[in-house]
Amino acid sequence: MIAAVTAARNGAAVTLIEQNDRVGKKICATGNGKCNLTNEKMGEAYYHCREKSFVASVLRQFSEQDTLAFFRSAGLCFVNRNGYLYPRSEQAQSVVNILQEELRRNKVKIKTKEKIVRIKPPVEESDPWKVFTEGWSYDADALILANGSCASAIAGADGSGYELTKQLGHRVIRPLPALVPLKCRGIRFSAWAGVRVAGCVRLLIDGRLTEEAKGELQLTEYGVSGIPVFQISAQASRALSEGKRTQIALDFMPEMSRTELESFLSDRRKQFPEWTSAQLLEGIFPDKLIKVLVGQKNLEETIKNLILSVTGTGSFEKAQICCGGVDVAQVRDSMESKIHRNLFFCGELLDVDGICGGYNLQWAWSTGAIAGKAAAKSMRERGDI
């Protein structure tokens with residue numbers, strides 16, 4: 001949608017082909033339905049990509065401030081929640097409505113219920129791109145692929161864009177679930193299922209600390225979930241796919257060092273010598289978690305460094321995004337293909353994934369706007385507009 005609007009604002013006649021019955025379905029599921037548009041803290045450090053310079057170039061061309069300016073120009077108001085930017089209504093549908101209105105205002109033709117099955121590139125430079133759907137064909141001077149990934153259970157998130165790009169000669173890094181819960185082994189998880197607790201999760205790959213994140217952990221019947229787990233899940237997905245030993249270490253009292261915890265519990269034992277280990281933890285942790293903690297050999301070690309083996313991730317349907325996608329080594333920072341002239345990519349179709357906090361939507365806005373502007377510029381230079 002933002003690619004279409006930007007191309008149209010720059011003079012192109014645009015047709016948007018959508019396989020769902022309406023545009024913007026996936027936006028409505030973001031930010032728990034509130035749509036975290038972007039984040040005040042922005043930079044390539046918040047993204048996973050084999051070429052960080054590519055991410056940095058994209059964000060320089062269209063920053064979080066450009067995102068806010070774009071949506072202000074379309075009539076959207078914002079609210080700032082500790083650096084996380086949302087529509088003032090805190091309803092994702094507001095963002096969809098605004099974008100749909102911009103599509104109409106800029107005379108973008110929208111073709112819904114049209115699934116693309118094949119793309120034929122130009123033989124000669126003067127030839128058009130030919131896009132074939134299940135019931136029609138379209139000619140275009142420039143083509144932007146914004147197919148998204150196979151993440152989420154929303155209709156249309158089928159990963160079909162990967163196959164289309166492969167047919168066009170592009171390399172696709174294997175897509176894997178990201179921002180997703182982790183399945184583990186190491187304890188009887190049914191005992192703690194349903195507990196939410198503040199903590200820190202550290203990702204260990206072949207015994208080496210790779211990433212860590214703090215926040216509310218959600219303990220489940222299969223392992224762990226919650227925002228901190230989501231933040232490390234892309235790296236865990238990649239490690240598992242490469243056959244590496246993948247573990248997580250849970251710290252249920254990150255505000256204390258190991259020495260401070262030992263001193264704290266020692267003082268409680270002296271103050272209440274008659275208390276059991278479970279009673280020592282009363283008022284510190286939820287009851288279900290206490291039962292798990294005291295069932296391990298070393299209480300302090302378990303609280304500060306509970307090691308679990310990661311056996312898998314949630315499915316694509318449970319994932320918010322994918323890691324993997326079109327190899328950015330084959331894409332210019334204008335989002336144009338290095339293989340085909342006037343072919344552009346944007347959004348989650350590319351092998352770039354961000355952490356939680358508005359970063360993946362920012363990637364969509366940035367790459368979409370850049371692709372739309374570059375496509376229109378290319379057409380203008382050739383005299384097509």
Side-chain angles (χ1 to χ4, degrees), residues 2-4 7 15-19 26 44 47-58 61-62 114-125 127-133 137-151 156-178 234 237-238 241-242 316 319 321-354 360 363-364 366-379:
I2 196 169
T15 299
L16 191 159
I17 302 174
E18 167 63 58
Q19 66 177 338
K26 201 168 184 180
E44 65 271 24
Y47 294 87
H48 301 115
C49 181
R50 288 168 173 79
E51 296 191 25
K52 286 293 185 78
S53 60
F54 179 83
V55 179
S57 176
V58 167
Q61 292 179 73
F62 195 92
E114 289 270 27
K115 183 178 175 62
I116 297 172
V117 294
R118 185 166 65 92
I119 297 170
K120 182 181 177 183
V123 177
E124 302 290 339
E125 190 170 344
D127 293 340
W129 284 86
K130 286 193 172 291
V131 178
F132 298 89
T133 68
S137 66
Y138 299 86
D139 288 354
D141 297 306
L143 178 64
I144 301 173
L145 294 181
N147 308 70
S149 74
C150 44
D158 56 8
S160 57
Y162 301 134
E163 193 56 42
L164 292 172
T165 55
K166 286 179 184 177
Q167 291 172 12
L168 294 170
H170 274 267
R171 183 167 52 249
V172 174
I173 309 301
R174 180 186 173 189
L176 298 165
S237 265
R238 291 185 179 94
S241 73
E242 294 166 3
F316 282 113
I321 62 163
C322 285
C323 56
V326 177
D327 189 346
V328 299
Q330 297 180 324
V331 181
R332 306 180 198 281
D333 61 6
S334 64
M335 302 300 109
E336 186 178 29
S337 164
K338 292 181 180 179
I339 297 174
H340 295 284
R341 289 290 309 278
N342 303 313
L343 172 66
F344 300 83
F345 302 97
C346 61
E348 204 179 329
L349 188 59
L350 293 159
D351 180 28
V352 178
D353 59 281
N360 291 291
W363 184 250
S366 293
T367 55
I370 293 167
K373 184 177 180 179
K377 179 182 178 183
S378 176
M379 292 169 63

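Scope of the values below: all heavy atoms of this structure, side chains included, with no hydrogens, waters or symmetry mates. Remember, predicted model here, so these are calculated numbers, not experimental data.
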With a 4.5 Å limit on heavy-atom distance, are the side chains of Thr133 and Lys115 in contact?
-> no
Distance, nearest 0.5 Å, that separates CG of Leu143 from OG of Ser337 = 10.5 Å
Could you check if a side-chain atom of Glu348 sits within less than 4.5 angstrom of a side-chain atom of Asn360, using non-hydrogen atoms only?
-> no
Hey, could you give me the CD/OG distance between Glu44 and Ser53, rounded to the nearest 0.5 Å?
-> 9.0 Å
Which heavy atom of Ile17 sits nearest a heavy atom of Glu114, and at what distance?
-> CG2-O, 3.5 Å
What one should report as the nearest heavy-atom pair of Phe345 and Val331 is CD1-CG2, 3.9 Å
Should the ring pair His170 and His340 be called parallel, tilted or perpendicular, given that the plane angle runs from 0 to 90° and is split at 30 and 60?
-> tilted
Expected output: side-chain Gln61 to main-chain Asp333 donor-acceptor under 3.5 Å | yes
Please report the closest heavy-atom contact between Cys49 and Val328, naming both atoms and the distance.
-> SG-CG2, 3.8 Å
Residues which pass ring pair (Phe, Tyr, Trp, His ring centres under 6.0 Å) with Phe344, listed by chain and number, not counting sequence neighbours = none
Does the side chain to side chain contact (heavy atoms under 4.5 Å, CB included) test come out yes or no for Lys377 and Ser334, once each step is laid out?
-> CA-CA 11 Å; Lys377 179 182 178 183; Ser334 64; over 6 Å; no
Got a second to check how far Ile321's CD1 is from Phe316's CZ, nearest 0.5 Å?
-> 11.5 Å
Within-4.5 Å side-chain heavy-atom neighbours: Lys26 and Ser149 = yes
Can you give the donor-acceptor pairs under 3.5 Å from side chains of residues 160-169 to other protein atoms, not counting sequence neighbours?
residue: Ser160; atom: OG; partner: Asp158; partner atom: OD1; Å: 2.9
residue: Thr165; atom: OG1; partner: Gly161; partner atom: O; Å: 3.2
residue: Thr165; atom: OG1; partner: Tyr162; partner atom: O; Å: 2.7

Closest heavy-atom pair, Asp351 versus Cys323, reported as atoms and distance to 0.1 Å, is OD1-C, 4.4 Å
Are side-chain heavy atoms of Val58 and Trp363 found at a separation under 4.5 Å?
-> yes
Answer yes or no: is there a donor N or O on one side and an acceptor on the other, between the side chain of Ser366 and the main chain of Phe62, under 3.5 Å?
-> yes
N-O pairing of Asp353 and Arg238 below 4.0 Å = yes
May I ask you to test the Ile173-Arg50 pair for a side-chain heavy-atom distance under 4.5 Å?
-> yes
Atom of Ala3, atom of Ile144 and distance for their closest heavy-atom approach | CB-CD1, 4.1 Å
Under 3.5 Å donor-acceptor pairs involving side-chain atoms of residues 368-376, not counting sequence neighbours:
none

Quick one: NZ on Lys52 to OG on Ser57, what's the gap to the nearest 0.5 Å?
-> 15.0 Å
Check: Ala142 main-chain N/O paired with Trp129 side-chain donor or acceptor under 3.5 Å | no
Gln330 and Ile339, any side-chain heavy atoms less than 4.5 Å apart = yes
Atom pairs and distances, donor-acceptor, side-chain atoms in residues 116-124, under 3.5 Å, two or more places apart:
none

In chain order, what residues pass the ring pair (Phe, Tyr, Trp, His ring centres under 6.0 Å) check against His48, with sequence neighbours excluded?
-> none
Of all heavy-atom pairs linking Cys150 and Cys322, the shortest is SG-SG, 3.8 Å
Could you name each residue pair satisfying salt bridge (Lys or Arg N to Asp or Glu O under 4.0 Å) that touches residues 138-149, not counting sequence neighbours?
-> Lys130-Asp139
